[in-house]
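For reference, the structure is listed below as structure tokens.
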Amino acid sequence: LLLWNSILRANVSHQFYGKVVSLYVRMVKDGVFGDGFSWPLVIRACGYLGSVYLCRVVHGRVVEIDFESRVYVGNELVGMYGRLGRMGDARKVFDNIGVRNCISWNTMISGYALNYEVGGAMEMFRGMECEGLEPNVVTWTSLLSSHARCGRFVETIELFGLMRRRGVEINAETLAIVLSVCADLGAFVGGKVIHGCVVKGGFEDYTFVKNALVSVYGKCGEVNNARNLFLEIKDKNIVSWNALITSYADAGLCDDALDVFLELERPQDCLNLRANVVSWSAVIDGFASAGQGEESLDLFRQMQLSHVNANTVTLSIVLSVCAELAALNLGREIHGHVIRAALDGNILVENGLVNMYTKCGCLKEGYRVFQNIQNKDLISWNSMISGYGIHGLGASALDTFDQVIKSGFKPD
RNA sequence: UACCACCCAUUUGA
């Protein structure tokens, strides 16, 4: 069993999750029973694989052998359900853990953060304090993350201040989150202050911290600073490259963005890095936002020839270009692709389609897509209203506006 | 011998 466990562990740490599950199946066949060390590993693999069915089977088995209440097993189950987006189930397991430790609470908080539930994260944080447990640096960082992910930027900064006043240790991960918030806020001064903390704390060698710094300077229009920081990074990863591409794109310098992108695509320059869907989307969006729709679509065509698949973000960008250029044919083509790839049902894409069709003069088709949107948001409504507006159907526009209010939205 | 936190692209609105 010791051998089984070390094989499982090796596969988990190399992220060969499918392999872990097949090893587990073999263990069952060979009549080897997992112990308190094997189960957390198997559970972890299931969570990453994302199959609800598999997770349920494994969880069922864990309950049968009465391992659920063990803290290491329970913590891992909580993490698994968090990754599946099932915080209700995570909570049930959490409540069943016999003796919860700090990691149990932290895993719940990070689960809520991952699922954009800042309220749940706050509740757990308070619950932890009530139980007399001292939140550690991971607890605080998870709490910051939950706020940042929900767009509570100012509160994130405030919590960071509170964290420091409480004398909690600050580490690279903490600073990376705060930097990402500075980027979102375009907070140049704040970014410089945190940059100071990075230097003082000796976190400059962390690639992900440098990446966050590139983003901050990039979002503030300081492209030269961004570039210099980028060049300082010893082990550039794909995020580093994408951060620089985005910096140029945001500044409207889409040709420079493209240069960086092309450099990334040259095998002799970047040994084992290739442009991913973010790189492509960033550079396509760069041209789109600069009003160079044709070039943008050209890049999209090239992307289709590459081995990188467009995702909902890419398609929403391209659809907005189609709308602007009234490129109905490409728009329809993308609509077909959306259906084949089962990407309909995504609000980003659906809104993009409504906008594209109405701008291309196909009010009917736009309306049809609009009707089929399950959870319309304000953007869906606005797109439809402006669609009517363009076609001079003021009455329909006003009518739709009334429906917005009836649906319980606050028009902006 | 196992468990928690981190960085990049985002659709509507003259």
Side-chain angles (χ1 to χ4, degrees), chain A residues 2 5-6 8-9 12-13 35-41 43-44 71-80 82 101-111 113-114 136-146 148 171-180 183 203 206-216 218-219 237-247 249-250 276-286 311-320 323 346-356 358-359 377-387 389-390 411-412:
Chain A
L2 240 94
N5 284 348
S6 52
L8 286 175
R9 195 178 324 113
V12 167
S13 49
D35 62 4
F37 292 92
S38 343
W39 284 104
L41 296 165
I43 296 166
R44 160 167 278 255
V71 64
Y72 280 103
V73 176
N75 288 350
E76 207 55 73
L77 283 168
V78 169
M80 177 190 82
N101 61 17
C102 191
I103 293 180
S104 318
W105 292 89
N106 291 351
T107 309
M108 278 299 291
I109 295 173
S110 67
L114 196 66
N136 63 15
V137 58
V138 176
T139 320
W140 278 97
T141 306
S142 305
L143 189 69
L144 292 181
S145 165
S146 72
N171 62 18
E173 284 81 355
T174 320
L175 293 176
I177 295 184
V178 179
L179 284 169
S180 76
F203 300 121
Y206 289 85
T207 298
F208 67 85
V209 172
K210 272 273 169 64
N211 292 348
L213 278 168
V214 170
S215 267
V216 170
K219 284 278 182 335
N237 59 23
I238 189 63
V239 176
S240 320
W241 285 89
N242 292 346
L244 186 63
I245 292 173
T246 309
S247 299
D250 280 345
N276 65 10
V277 64
V278 176
S279 330
W280 280 101
S281 304
V283 76
I284 290 172
D285 185 49
N311 65 12
T312 57
V313 174
T314 325
L315 294 176
S316 71
I317 297 165
V318 177
L319 283 169
S320 77
N346 177 279
I347 190 76
L348 223 59
V349 172
E350 290 170 319
N351 290 344
L353 284 168
V354 171
N355 182 46
M356 184 276 295
T358 57
K359 292 266 166 54
D377 63 9
L378 205 49
I379 294 180
S380 324
W381 290 102
N382 287 347
S383 306
M384 201 60 231
I385 293 173
S386 75
I390 291 164
D412 59 4

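Here is the naming used below: chain letters follow the sequence lines, and residue numbers restart at 1 for every chain. On a predicted model such as this, the values are computed, not experimentally measured, just so you know.
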Can you name the side chain to side chain donor-acceptor pair (under 3.5 Å) partners of [X], sequence neighbours left out?
X: A/K219; value: none
X: A/D250; value: none
X: A/D285; value: A/S289
X: A/S104; value: A/N75, A/N101

Students often get this wrong, so: under 4.0 angstrom with heavy atoms, is [X] touching a base, only sugar-phosphate, or nothing?
X: A/G387; answer: nothing
X: A/N171; answer: base
X: A/I177; answer: sugar-phosphate

List the protein contact pattern of nucleotides 8-14 of chain B with one symbol per nucleotide (5' to 3'): B for base contact, S for sugar-phosphate-only contact, - for none; contact means a heavy-atom distance under 4.0 Å.
-> BBBBBB-
Nearest atoms (heavy-atom pairs only) where A/T174 meets A/L144 | CG2-CD1, 3.6 Å
Between [atom2] on [N] and [atom1] on [X], what's the gap in Å once rounded to a whole number?
X: A/E173; N: B/C6; atom1: CD; atom2: C1'; result: 5 Å
X: A/L41; N: B/U1; atom1: CG; atom2: P; result: 14 Å
X: A/F208; N: B/C6; atom1: CZ; atom2: C1'; result: 5 Å
X: A/W105; N: B/A5; atom1: CH2; atom2: P; result: 18 Å
X: A/F203; N: B/C7; atom1: CZ; atom2: C1'; result: 15 Å

Does any donor-acceptor pair link the side chain of A/N5 with the base of B/A2 at a separation under 3.5 Å?
-> no
Who pairs with A/E350 by salt bridge (Lys or Arg N to Asp or Glu O under 4.0 Å), at least two apart in sequence or on another chain?
-> none
Of the listed B/C3, B/A2, B/C7, the closest approach to the A/A176 side chain comes from B/C7
